[in-house]
Structure formats: structure tokens, C-alpha cells
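Only one structure is covered here, and it is reproduced in the block below.
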Amino acid sequence: MQLSMKALRIAVVLSFLPGTALAESQSLGTVTAVDSTPDGGGAPSMAHYGPQSAPALAPGKAPLSATEPSTIIDSRFIDNAVLGDADFNQIANLAPGVSGGFNSNGPGIGESKLNLRGFGDGEFNMTYDGIPFGDTNDFTHHSTAYFPASTIDRVVVERGPGNADNLGYATFGGSVNLFSPNPSATPSGKMGFLYGSDNTLLFKARANSGALPWLGGARYLVNYQHNSSDGYQSFSPVKGDNVLFKMLVPLGENTLVTLLTTFNWNTYYQSDATKGQLTEALAQRFGKDFALGDNPLMANYYAYNRTRKHTGFSYLRLQSTLGEGFSLDDTVYYYFYHNSTLSSSAKDPLAGLGAVILGNGKKSLGIPGYDKLNGYWLVGNILRLHKDWSFGRATAGLWVETGATQRGRVDYDLLTGAPNYDQKPVPGILPGINNIQFDQHSGTRNLQPFAQFAWRPMESLTITPGIKYLRFTRSMSALINQNSRLPAFYQQSYHSTLPFLTVNYRLNPENSAYLQFAKGFLAPPLDVLQTANGEKNRLQPETTTNYQLGFNHQSEHWVWDADLYYIDFNNRYAIDPNSPLSDPYYYNQGGVIYKGVEGEATYALGNGLAIYANGSINSAKSKATNLTISGAPRYTAAAALLYDMGPYHLALVYKRTGRQYVRDDAQYPLAPLNNLNLKLGYDIVSPLPRVKKLRLGFDVYNLTDERGAYKAKVKSAQPSPGDTFNFQAPRSFYGSVTASF
């Protein structure tokens with residue numbers, strides 16, 4: 001079908017919207033189908049490369065249009081090389097400078113966290129289809145809460161603040177951007193089963209409508225995923241369900257509307273007090289799988305330690321060309337999070353009956369525990385307006401968002417279900433004894449106008465200056481505030497103006513270079529308002545000044561990129577160790593210098609065979625002491641052997657995280673950690689009527705069965721019996737079958 005010139009203009013204009021990429025050229029009635037998801041860093045053009053070229057086979061690659069260090073992990077690698085039950089952190093873990101993605105209960109079977117160049121979760125941004133998401137108290141993320149792997153088409157890891165229109169709560173540490181799959185132009189379907197170690201079961205199904213002529217070429221997909229597992233750790237089962245709906249609707253020749261909504265339900269069993277951590281003594285005595293039990297007279301009884309989460313995420317996006325070089329991109333969104341956690345209070349998994357306080361003030365034997373609620377919702381709008389000329393593009397926009405949070409904890413005797421009145425009275429305010437530790441409402445308001453101009457003085461050179469203003473406000477309305485247990489009614493605002501400048505130069509069709517200067521901003525967490533006098537904690541927001549340069553290459557047999565970075569991080573906050581636990585005092589203690597070198601490369605040997613390697617040497621040292629801070633690996637490294645041709649698919653993927661320290665004074669090191677995964681696949685074409693392809697798969701996680709610690713909680717610089725650890729889950733095996741229709 002021939003495209004009209006107007007439809008072609010729509011495709012071209014929308015493909016250049018910030019963070020968008022032209023996905024396909026099939027017609028949706030009168031409007032060309034475009035990728036409706038923003039794509040931070042862009043997508044690499046492979047129009048003149050074949051399916052067995054290095055750009056096509058590369059597990060991670062940077063686009064030639066990049067203006068900062070970026071790694072795109074596309075759907076081909078996710079399908080052929082990522083374990084079937086993985087979460088988005090395990091996908092992103094491949095990129096240079098990234099570490100983490102582990103859970104002691106098994107791959108994808110529990111919450112995991114990422115680290116980016118030494119920035120921990122909450123210090124870098126996460127988005128889904130270009131929309132920032134995260135907890136309202138500290139901007140951290142839950143890997144099992146919103147988006148399982150089947151709802152992710154690709155992941156783009158940006159190791160930098162981006163341009164002025166790169167949005168988020170903590171862009172100074174970088175961004176991990178997740179993107180949903182698009183409905184296909186033709187009707188299709190897919191159904192898959194996975195079963196393996198620890199009675200792990202995964203079921204996935206997807207249906208694509210194809211273009212619907214009676215709706216002007218609109219199309220939609222429905223995706224469903226169910227997972228369940230007994231878990232590697234004792235008496236620690238998990239269960240989850242997710243459903244996603246996405247629809248693209250053309251409105252005439254100039255406008256495209258995208259609707260997405262997804263809901264997720266997740267239940268798992270884990271002590272909220274210990275987070276699955278063990279002392280070395282317990283690990284040696286009972287094994288590294290020791291966690292919960294089946295004795296109701298013990299604090300680790302699994303029925304006393306249960307978490308249920310329900311989340312939802314929805315948006316409506318409008319993209320339209322307005323004529324005379326103007327275009328509009330507007331997204332309104334809403335998401336929510338509800339967490340109900342029942343947990344024993346004991347930090348010792350061997351704890352038995354303990355003291356609980358009855359209503360008359362007398363003590364009795366029971367199982368002290370609590371029921372904790374954390375729920376929030378956020379609604380926002382992201383607006384971008386563009387004006388195109390032959391020599392560049394001007395962009396102006398506004399991100400606004402408001403949110404509300406309710407958090408509370410009530411103490412119980414888990415053995416009887418009766419209230420445990422163990423909280424101390426607050427004289428004159430909370431008389432008597434009670435079982436409510438905190439009952440807290442808080443709110444957030446976010447305002448970020450931005451503007452930039454992508455100037456092209458010549459075809460091969462793009463210079464993009466920009467500026468962004470941020471204003472973030474937290475409000476507290478608590479009858480019983482956390483920590484202090486006093487009433488609290490106040491708010492604090494944080495603001496900053498951030499300049500940006502990026503340069504991208506295309507040396508030739510295969511090579512490009514870039515420079516970046518950018519400022520970053522992160523507002524303090526809710527903790528600073530959870531004190532007896534929260535208004536006294538007048539912290540300055542954390543800020544960064546980022547300097548980066550890099551080089552990218554793409555050719556038939558090679559894809560590689562390399563970069564250098566220097567980040568000046570200021571106003572790092574800390575708690576005064578001399579302040580009381582019930583009334584901690586927060587202050588800005590200084591800064592950190594982050595610097596390093598990173599690179600990745602893929603070489604296509606031919607006939608579907610490729611090798612990949614990446615690495616980073618990273619430094620994150622306190623300005624005050626010149627000592628490495630906690631949670632900052634000295635280096636990361638990855639390697640992969642890939643084969644993808646005909647019916648055969650093989651991926652052997654290795655990741656190594658260098659030594660890191662548990663404490664900020666470069667003490668208590670954790671040994672380097674290795675992870676090696678194997679994924680095999682074999683395709684049978686048209687084995688049954690209406691079945692286009694049947695793929696048989698076999699996955700092995702942690703092939704070398706390494707059981708090192710990836711996280712620790714310690715009492716001092718020297719090892720002590722009370723130190724606790726999270727250990728990498730053991731080797732596990734999975735078989736799968738997937739049918740495509």
C-alpha cells in the first residue's frame with residue numbers, strides 16, 4: 001500500500017520526537033505505524049545491515065546518535081539470551097557499569113536491586129515508556145511490583161542525565177528505561193510454559209489484533225503472565241499475575257493515540273525484619289536456603305511473614321503534527337502501589353515466643369509482629385512542543401505530577417491475633433500504651449519546565465544546549481509520625497535550575513563521538529520529615545555536575561563504544577550519629593567524586609555466531625576522606641557467546657562484579673561475585689496446524705553454582721557474629737516450550 005506524503009511526514013516527524021524511534025513502516029490505515037514509546041538514547045539504525053550483522057546480534061549497543069553513554073538491550077537478546085523468569089534488573093545488569101539484579105530466593109523470584117556506577121537504587125531514574133516511576137518516600141523501585149519480563153520489549157540504560165527533556169526524580173545517576181511491546185500489524189499470538197527448579201512455573205500468553213480496518217487501522221495487544229515458585233529459600237513461596245493492554249489508534253493522518261494499562265498482583269513470604277539475610281553461623285548450620293519454617297511457635301513461621309502487593313500503571317499519549325513544522329507530544333498517566341506486609345518483629349530466625357503486652361499492661365508470651373501498610377498513587381502529565389527547521393529542532397515542555405501516600409504500622413501478637421500494646425506513650429500527646437507505631441500521610445508535588453534546542457550547523461553535527469527548572473515539594477500530615485511518634489504537619493520544598501549541553505558529531509556513516517555537560521538534582525527522602533522536629537532538617541538537595549565523552553562505532557562485523565566520565569556529587573546527606581534514634585538529625589556531609597572508563601564490543605564471526613564483551617573501571621571516593629564509599633564496585637565485566645541462526649539458539653552470558661565495601665570508610669569488603677547463565681533454544685517450524693513455530697528451551701542459572709554474598713548488614717568495620725548477608729541463589733534448571741501462532 002502506498003503511503004501518502006502526509007502520512008510519510010507524520011512518520012518522519014514522530015520518529016524524531018525526543019526519545020522516540022520509528023519502529024516499522026507498515027500502514028495503519030491512513031497513518032504510518034510508529035513506535036509509540038519514547039526511547040531515551042534513540043534506537044540504532046540498522047537499515048543497511050543484515051540479520052546476522054554485529055548491530056543485529058549485539059546484546060548491548062550504543063546508537064550513533066547518542067549524546068551520553070548508553071546501552072540498548074533489544075527484544076532479540078531478551079528472547080534469545082535472558083532467562084525466562086528474569087526481571088528487568090537482570091536484563092539491565094548486562095550493561096557496563098551496572099551490577100546487581102540478585103535475589104537469594106532465585107532468579108526473578110524475589111525483589112532485586114541495581115547499582116549504576118556506584119549509585120544505588122533511588123539515586124538513578126527508572127521509566128516505563130518514558131514515564132518516571134518509583135516509590136514516593138525515596139524514589140526506589142520494586143522489581144516484581146509493576147513490569148515482569150513479558151511486558152518489556154527492550155531496555156535502554158543511560159549512564160548520564162541526558163538532555164533537558166530527560167525526565168525523572170534522580171536523573172543525575174543515569175536512567176534505566178523500560179519499553180513495552182507494540183501491537184503487531186498482523187494478527188498473531190504466542191503462548192509459553194516454563195517449569196524448573198524449586199517447582200517454578202511460568203505461563204505467558206500474548207494476542208495481537210493486527211490492523212483493524214473498521215477502526216481506521218487501529219491495533220492492540222493483550223499480554224498475560226502468571227508465575228509461581230516454592231522459592232529456593234525454605235518455606236518462601238511466591239505467586240504473581242500480570243495483565244497488560246496496549247492499543248494504537250490513528251486519528252486521521254496527523255495524530256496517533258496510544259493507550260496502555262497494566263495491573264500486577266504479587267504475593268511472597270519473607271521476613272520484613274530480616275529481608276532474607278542470614279548470619280554466617282546460621283548459613284553453615286542450616287544451609288544458605290534457611291529462611292522461614294512451619295512451626296507456629298517460632299517467629300519465622302511462614303504464615304506470620306507474608307507480603308501482598310497490588311499495583312497498576314496506565315497512560316494515554318497523544319502525538320500529532322500541527323503544521324508549519326510544529327508538533328505536539330502529550331502524555332497523561334496514573335499509577336498506584338499497595339503493599340500489605342505481615343511480619344514478625346524478630347531479627348533472629350530462631351526466635352521463639354517473646355513478650356507481648358496486653359491491654360491491661362500485663363505481659364504475656366506470644367509472637368511479637370506487625371501489619372504494615374504502604375500505599376500511594378501518582379497522577380501526572382508530560383507535555384512536549386516542538387518546532388522544526390532545516391537547521392534544528394526547538395523543544396519546550398512541562399512535567400507536572402502530584403501524589404499521595406499512606407503509611408502505617410500496627411503491632412500484634414501473631415500467635416493470637418490480639419493487639420500488642422508495646423509502643424511507649426508520649427506524655428501529653430499520646431497518653432497510655434498503644435499498638436500503633438505510626439500512622440502517616442504525606443504528599444508530593446513535582447514541577448519541571450524545560451527547554452532545549454538541537455542545532456545542526458551541518459548534517460554531521462548536532463549541538464544541544466538546554467535548561468530545566470525543578471521544584472519538588474514534600475508535605476507531611478501525620479497523627480503519629482514514624483520514629484518520633486509525634487503529630488507532624490509541615491512541608492518542605494527543594495528547587496534548582498539545571499543547565500545542559502551535549503554535542504554529537506558523526507565522523508562518517510560508521511562512527512560518531514559525543515560530549516556532555518549536565519547538572520543533576522535529587523530531593524531528600526521522606527526520612528528527613530520523620531523526626532520530632534522535621535522542619536529543622538533543612539537539607540540542601542543532592543546535586544551533581546557531570547562531564548562525559550565517548551565514541552561509538554557500528555559496522556557489518558563490529559559494534560563497539562567507549563566512554564570516560566567524571567561526576568562531582570555534592571550535598572550527600574547523612575544522619576548525625578550523636579542524635580537519638582527517635583529524633584535523628586540529618587545534615588549535608590559533603591560529596592563524592594565518581595569517575596571511570598567504560599566500554600563494550602560485539603564481533604560477528606558470521607553464520608549467526610557473535611562474541612560480546614564489556615567492562616568498566618569505576619571509582620567513587622568521598623571528597624572528605626578520599627576513601628571509597630559503600631556499594632561502589634571497583635569494576636564490572638561481562639562476556640557472552642551467542643549463536644542465532646536457523647532453528648538453533650545459544651547464549652552463554654557471564655557477568656562479574658568487582659570488590660565493593662559495605663561501609664563508607666572503605667572497610668568490610670565483599671568479594672567479587674560471578675554469574676554465568678546458559679540459554680538454549682530449538683525451533684520447530686509449523687509442527688501443528690495454525691502453529692507457526694514451536695520453540696523448545698533449556699535454561700541454566702548460575703552455571704558455576706557460585707554462592708557468594710551480594711549484600712550485607714554489618715555492625716562495625718570488623719566481622720562480628722551478628723553480621724548478616726544475602727547470598728546468590730544456587731544453580732537452577734528450567735525447561736520451556738513456546739508456541740507462536
Side-chain angles (χ1 to χ4, degrees), residues 121-122 125-142 145-147 167-170 260-266 272 307-316 330-341 370-383 398-410 436-449 470-495 521-531 534-535 537 539 541:
D121 185 35
N125 194 40
M126 274 197 173
T127 70
Y128 189 74
D129 285 357
I131 300 170
F133 70 95
D135 275 4
T136 53
N137 56 338
D138 58 4
F139 311 118
T140 55
H141 308 89
H142 302 280
Y146 285 101
F147 312 113
L167 304 176
Y169 311 107
L260 180 142
T261 187
T262 181
F263 296 96
N264 197 78
W265 297 264
N266 188 36
D272 186 58
T307 297
R308 289 176 176 164
K309 295 183 179 181
H310 176 39
T311 63
F313 186 96
S314 302
Y315 71 81
L316 181 68
D330 189 65
T331 301
V332 59
Y333 63 89
Y334 168 81
Y335 66 93
F336 69 87
Y337 174 90
H338 185 274
N339 177 347
S340 176
T341 295
Y370 54 85
D371 192 351
K372 186 173 70 174
L373 168 69
N374 182 17
Y376 59 78
W377 59 262
L378 296 105
V379 60
N381 190 86
I382 300 172
L383 171 66
L398 177 65
W399 176 30
V400 294
E401 182 185 81
T402 186
T405 302
Q406 180 182 4
R407 303 174 71 246
R409 173 176 150 170
V410 181
I436 301 176
Q437 188 177 97
F438 60 89
D439 182 8
Q440 177 194 92
H441 293 259
S442 62
T444 59
R445 296 196 304 274
N446 176 47
L447 174 70
Q448 293 191 24
L470 299 89
R471 186 173 183 84
F472 184 82
T473 301
R474 287 192 184 278
S475 59
M476 176 66 73
S477 176
L479 293 176
I480 306 174
N481 202 5
Q482 191 169 348
N483 296 328
S484 70
R485 300 192 66 248
L486 295 172
F489 301 92
Y490 43 75
Q491 70 177 30
Q492 290 190 12
S493 294
Y494 313 92
H495 61 90
F521 170 98
L522 175 61
L526 184 64
D527 293 0
V528 302
L529 302 185
Q530 295 177 166
T531 64
E535 58 267 39
N537 286 320
L539 292 182

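Positions are given from 1 along the sequence. Only a predicted model underlies this, so the values are computations on that prediction, with no experimental measurement involved.
The distance from atom OH of Y494 to atom OG1 of T473, rounded to the nearest 0.5 Å, is 9.0 Å. With values rounded to the nearest 0.5 angstrom, N374 atom CG is found 11.0 Å from T307 atom OG1. Separating the CG atom in L529 from the CD atom in Q482 is a distance of 11.5 Å, to the nearest 0.5 Å.
Not less than 6.0 angstrom separates the ring centroid of Y315 from the ring centroid of Y333. Aromatic ring centres of Y146 and Y128: separated by at least 6.0 Å. A ring-centre distance under 6.0 Å is found for Y376 and Y337. You'll find the ring centres of F133 and F147 inside the 6.0 Å limit. Aromatic rings from H495 and F521 are positioned such that their centres are separated by 6.0 Å or more.
Contact detail for Y169 and P132: the closest heavy-atom pair is OH-O, 3.9 Å. Considering every non-hydrogen atom in both T262 and S314, the closest pair reads N-OG, 4.5 Å. Residue Q448 comes nearest to L167 through the heavy atom pair OE1-CD2, 3.9 Å, listed as atom of the first residue, atom of the second, then distance.
Although no hydrogens or angles enter the test, the distance criterion places a donor-acceptor pair under 3.5 Å between the side chain of D138 and the main chain of T140.
A donor-acceptor contact under 3.5 angstrom links the side chains of T341 and N339, judged on distance only. For the residue pair T136/T405, the side-chain donor-acceptor check at 3.5 Å is satisfied.
With sequence neighbours left out, the salt bridge (Lys or Arg N to Asp or Glu O under 4.0 Å) criterion links R409 to D411.
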Practice prompt. Please report the C-alpha distance between Q440 and R407 in whole Å, then the side-chain angles of each, then the deciding distance to 0.1 Å, and finally whether the side chain to side chain donor-acceptor pair (under 3.5 Å) criterion is met.
Written response: CA-CA 5 Å; Q440 177 194 92; R407 303 174 71 246; 3.2 Å; yes
